[in-house]
Asks: 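I have a structure here, written as C-alpha cells, and I will follow up with some questions on it.
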Amino acid sequence: MSKVSGRGLRRFSNNAKGNVAILFGLAIIPILIGIGVAVDYGRALIVRDRMADAADSAALAIGSWPGLSQADLKTKAQQFFNANYPASDLGTAGAINVTFSGDDIIVTVSGSVPTTFMNLAHIATVNVGATTKVSKKERNIELALVLDTTGSMGSGGKLTAMKAAAKQMVSTLFDGKSTSDTLRIGVVPFSVGVNIGSDKLNSGWLDTATYSSSNATTHPLAFEDIDKTNGVSALTLYSKIGRSWSGCVRERGGSYELTDDPPSSGTPATLWVPYFAPDEPDSASGNYNNTYLSDGSYSSAKCVTGSSDADKRQCNTAKYKSFSGSSSGPDYNCPPAKITAMTNTASTITTAIDALVANGNTAIPAGLLWGWRVLSPTAPFTEGAAYDDQKWVKALVLLTDGENDVSQGGNGIDKSSYNAFGYAKNGHLGNTSGSNANATLDTKTLAVCSAIKAKGIQLYTIGFQVSSASQTLLTSCATKPDMFYNSPTNDQLASIFQDIAQGLNELRIAQ
C-alpha cells in the first residue's frame with residue numbers, strides 16, 4: 001500500500017484549483033436554492049398581476065352597472081373576476097371580497113401559488129393578493145350617434161333593428177331617468193350627406209350669396225356647372241320651382257373640408273352651401289339618376305366646363321320654372337331626418353331615432369364630420385364641452401351597413417351621383433372619370449377618424465352586415481381595434497349597443 005508523503009499533502013493543500021472546487025461545491029446548494037426562490041417568486045408576481053387585472057375588470061364592470069343592489073353587484077363582480085381569471089390559470093384564487101364606501105368600490109382577492117424549488121426548504125406555497133379601488137365620480141358623457149340611413153338600411157329589417165338597439169342603449173345610459181345632469185346625446189343620420197335642418201337657414205352658417213362676376217371662380221354653383229347667370233344661387237333656384245331648401249348642405253372645400261373649424265361670415269370658405277342637386281339631362285343614353293325638369297331650350301346655356309349637348313342640358317338655369325312633382329329633385333339623396341343636437345332629455349333622443357328613414361347612397365365621412373361637429377365646443381353646434389374639460393368624456397358611435405358608394409364612374413357626364421362632396425366629374429372625388437370616387441371617400445373617412453381621435457374623442461364603429469373590406473376600414477377608424485364591432489345579423493345588434501353602453505359607463509369611473 002503506497003503512502004502519501006508530507007510533501008504531497010502540502011502540495012494538495014496549497015493548490016488554488018482545489019480550493020475553488022471545494023468552495024464551489026459548498027456554495028452550489030444555496031445558489032440553486034436562491035435561483036429557485038427567484039423563479040418561484042417570479043411566478044407568484046405573474047399570478048398577482050393577473051389577479052389584479054381580473055379584480056380591476058370586476059370593479060370597473062360593477063361600478064358602471066346601473067340599477068343593481070349591492071348583493072347583486074357582488075355576484076356580478078365574482079362572475080367578471082372568474083371570467084378574467086379562470087380556474088385553469090396558474091395559482092388558486094379565493095372568493096373576492098367587495099366593499100362599498102361612499103362612491104368607492106373596493107375589490108380584494110387573495111390566493112396562493114404552489115412552489116417548485118422552495119419546496120426544498122419546506123415552503124409549499126407562496127401567498128399572493130391584490131386590491132383594486134375605483135371611485136364612481138360620474139364623469140359626464142357627451143355622445144354622438146352617427147347612424148346610417150341609406151337606402152339599403154330599409155331592407156331586411158335592418159332599420160327597425162337599429163332603431164330598437166339604439167333606443168335601448170339610450171335607456172341604459174339614462175338609467176331609467178327622463179333627464180340627466182351627466183349625459184348628453186345627439187343623433188346624426190347620414191346618407192350621401194347630412195341634414196342640419198331647414199331652420200338653420202338664417203343661422204349664419206350658410207353661404208347664400210348669388211352668382212356674380214366678382215365671385216365667378218369661387219361661387220359654389222360654378223363647381224357644379226350651373227349656368228353663369230347673375231343673381232342665381234341655390235336658394236333662388238329652389239324658389240323658382242316652388243320648393244324650399246330641405247336642410248342638407250354641401251361639405252366645405254380646401255383646408256376646411258375635413259375639420260370642425262367654426263363658420264365665420266368674414267371667411268366664406270368656412271361656410272356651408274345649401275345642397276342643390278341639379279336637374280340632370282333628359283337624355284336616356286346617360287342613365288341619369290335625377291331628372292326632374294324638362295330641359296327646354298338650352299342652346300344658349302353658358303356652362304362653366306364642357307360644351308356637349310348633355311353639358312348644356314344640365315347647366316341651363318332657364319329650365320327652373322316649375323317642378324313636375326317627381327320624388328327626385330334638388331334635395332335628391334338628402335336624408336329627410338335632420339340632426340338632433342346633443343340634449344339631456346331621453347325622449348328627445350328616442351323620438352329622433354324613431355323618425356329615421358332609409359334613403360340614398362353612402363358617404364361615411366359626411367356623417368362622421370357632422371358627428372364631430374355636434375361634439376365640438378364651437379359653432380355650428382355649441383352644446384359640447386371644451387375638449388380639455390376633464391369633467392366630460394366625448395364619444396362617437398358610427399354605424400353603417402355598407403361601403404362608401406356614390407355610383408362611381410356612372411350617371412352619365414357627372415361620373416357619380418350627387419352627394420355632399422359634389423359630382424366626381426368636377427374633380428371632387430379623386431379624378432374626373434369618377435373611377436376612384438369610392439376609394440377617395442374611404443381616404444376621407446380615415447382622415448376624419450384620425451382627426452376625431454386626435455381630439456381625444458372615443459370612437460366606436462359598428463359594421464352592420466358589411467363586407468370584409470368595410471370591416472377593415474371600420475377597425476382602422478375605431479379608437480382601438482376592440483372598439484370595432486361586427487354585427488352580421490339583426491339579432492346581434494342589440495347586444496353590441498349594450499356592450500358599448502357598458503363601455504361608456506366605464507369611462508365615467510376614475511380608477
Side-chain angles (χ1 to χ4, degrees), residues 60-70 72-73 100 102-103 105 134-147 149 162-189 194-197 199-200 203 337-356 370-399 456-460 462 493-494 496-510:
L60 286 169
I62 65 171
S64 61
W65 206 293
L68 295 183
S69 67
Q70 289 191 0
D72 289 336
L73 289 174
F100 302 88
D103 288 334
I105 299 173
V134 299
S135 179
K136 294 180 67 175
K137 291 186 179 179
E138 289 297 312
R139 287 195 297 169
N140 307 325
I141 295 289
E142 291 183 338
L143 172 64
L145 295 175
V146 179
L147 304 177
T149 59
M162 181 183 73
K163 288 181 179 182
K167 288 192 295 182
Q168 182 57 48
M169 177 195 209
V170 171
S171 177
T172 297
L173 290 173
F174 274 90
D175 193 15
K177 302 181 180 71
S178 59
T179 62
S180 173
D181 294 329
T182 62
L183 175 67
R184 294 195 285 253
I185 300 178
V187 181
V188 182
V194 169
N195 189 329
I196 66 172
D199 57 324
K200 303 300 188 298
S203 62
K338 68 177 184 178
I339 288 176
T340 298
M342 284 195 299
T343 175
N344 69 343
T345 303
S347 61
T348 302
I349 302 161
T350 55
T351 297
I353 294 170
D354 276 329
L356 300 180
W370 284 99
W372 178 16
R373 290 162 188 156
V374 162
L375 292 167
S376 176
T378 59
F381 293 94
T382 56
E383 292 77 13
Y387 286 122
D388 60 357
D389 188 339
Q390 296 302 307
K391 295 180 181 178
W392 289 89
V393 176
K394 295 178 184 287
L396 187 154
V397 175
L398 165 70
L399 178 145
I457 298 170
Q458 299 297 308
L459 180 52
Y460 297 85
I462 303 172
L493 197 58
I496 288 173
F497 269 96
Q498 286 302 99
D499 195 68
I500 294 174
Q502 182 77 7
L504 290 170
N505 275 328
E506 288 179 7
L507 291 174
R508 298 183 180 207
I509 300 172

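Note that this is a predicted model, so its numbers are computed, not measured. Position 1 is the first residue of the sequence, and the numbers go up from there.
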Asks: Measure from the side-chain N and O atoms of Ser203 to the backbone N and O of Lys200, and report whether any donor-acceptor pair falls under 3.5 Å.
Replies: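 Confirmed, Ser203 side chain pairs with Lys200 backbone.
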Asks: With side chains defined as the heavy atoms from C-beta onward, is the minimum distance between Phe381 and Leu375 less than 4.5 Å?
Replies: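 No, too far: nothing below the 4.5 Å cut-off.
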Asks: Once rounded to the nearest 0.5 Å, what's the spacing between atom CD1 of Ile457 and atom CH2 of Trp372?
Replies: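 Here the rounded value is 7.5 Å.
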Asks: Could you measure the distance from the CD1 atom of Ile462 to the CD1 atom of Ile496? Nearest 0.5 Å is fine.
Replies: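 CD1 of Ile496 is found 6.0 Å from CD1 of Ile462.
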Asks: Quick check: closest heavy atoms across Thr340 and Ala352, and the distance to 0.1 Å?
Replies: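 Minimum heavy-atom separation between Thr340 and Ala352: OG1-CB, 3.1 Å.
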Asks: Salt bridge between Asp175 and Lys177, side-chain N to carboxylate O under 4.0 Å?
Replies: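 Judged by the 4.0 Å cut-off on N to carboxylate O distance, Asp175 and Lys177 do form a salt bridge.
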Asks: What pair of heavy atoms forms the shortest contact from Ile105 to Phe100, and how long is it?
Replies: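 Nearest heavy atoms, Ile105 then Phe100: CG1-CD2, 3.9 Å.
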Asks: Has the side chain of Lys394 got a donor or acceptor atom that lies under 3.5 Å from a matching backbone atom of Ala385?
Replies: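 A pair under 3.5 Å: yes.
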Asks: If you count heavy atoms of other groups shown closer than 6.0 angstrom to CG of Asp181, is the number above 12?
Replies: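 No.
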Asks: Considering non-hydrogen atoms only, spot the tightest contact between Met169 and Leu504 and give its length.
Replies: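 Smallest interatomic distance, heavy atoms only, reads CE-CD1, 3.7 Å.
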Asks: Check whether any side-chain N or O of Asn344 sits under 3.5 Å from a backbone N or O of Ser180 as a donor-acceptor pair, and report yes or no.
Replies: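 Confirmed, Asn344 side chain pairs with Ser180 backbone.
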Asks: What's the shortest heavy-atom distance between Ala166 and Ile353, and which atoms?
Replies: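 What the structure gives for the nearest pair is CB-CD1, 3.8 Å.
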Asks: Nearest heavy-atom pair of Trp392 and Ile141: which atoms, and what distance?
Replies: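 Looks like CZ3-O, 3.5 Å.
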Asks: Could you walk me through whether Ile349 and Phe174 pass the side chain to side chain contact (heavy atoms under 4.5 Å, CB included) check?
Replies: CA-CA 11 Å; Ile349 302 161; Phe174 274 90; 3.7 Å; yes
Asks: If I take atom OH from residue Tyr460 and atom CG from residue Asp499, how far apart are they, to the nearest 0.5 angstrom?
Replies: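 Separation between the atoms: 8.5 Å.
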Asks: Verify side-chain hydrogen bond (donor to acceptor under 3.5 Å, both in side chains) between Ser347 and Thr345, making sure each step is shown before the conclusion.
Replies: CA-CA 6 Å; Ser347 61; Thr345 303; 5.9 Å; no
Asks: Spell out, as yes or no, whether a donor-acceptor pair under 3.5 Å connects the side chain of Lys338 to the backbone of Ile196.
Replies: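 Side chain of Lys338 to backbone of Ile196: no pair is present.
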Asks: To the nearest 0.5 Å, tell me how far Leu493 CG sits from Met162 CE.
Replies: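 Going from CG on Leu493 over to CE on Met162, the span is 8.5 Å.
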Asks: Determine whether Val397 and Leu143 satisfy the following criterion, side chain to side chain contact (heavy atoms under 4.5 Å, CB included), listing intermediate values before the conclusion.
Replies: CA-CA 8 Å; Val397 175; Leu143 172 64; 3.8 Å; yes
Asks: Quick one: closest heavy-atom pair of Val393 and Gln458, and the distance?
Replies: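 Minimum heavy-atom contact is CG1-CG, 4.4 Å.
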Asks: Measure the shortest side-chain to side-chain distance between Val188 and Leu147 over non-hydrogen atoms and say whether it is less than 4.5 angstrom.
Replies: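 No, too far: nothing below the 4.5 Å cut-off.
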Asks: What distance do Phe497 atom CZ and Gln168 atom CD have between them, rounded to the nearest 0.5 Å?
Replies: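 Here the interatomic distance stands at 11.5 Å.
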Asks: Under a 4.5 Å cut-off applied to non-hydrogen side-chain atoms, are Pro189 and Leu356 in contact?
Replies: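 Side-chain contact under 4.5 Å: yes.
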Asks: Supply the atom-to-atom distance Met342 CE to Thr382 OG1, rounded to the nearest 0.5 angstrom.
Replies: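 It is 9.0 Å, given to the nearest 0.5 Å.
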Asks: Determine whether Asn195 and Ile339 satisfy the following criterion, side chain to side chain contact (heavy atoms under 4.5 Å, CB included), listing intermediate values before the conclusion.
Replies: CA-CA 6 Å; Asn195 189 329; Ile339 288 176; over 6 Å; no
Asks: Can you tell if the side chain of Arg184 reaches within under 4.5 Å of the side chain of Thr343, non-hydrogen atoms only?
Replies: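 Heavy-atom side-chain distance check fails, nothing below 4.5 Å.
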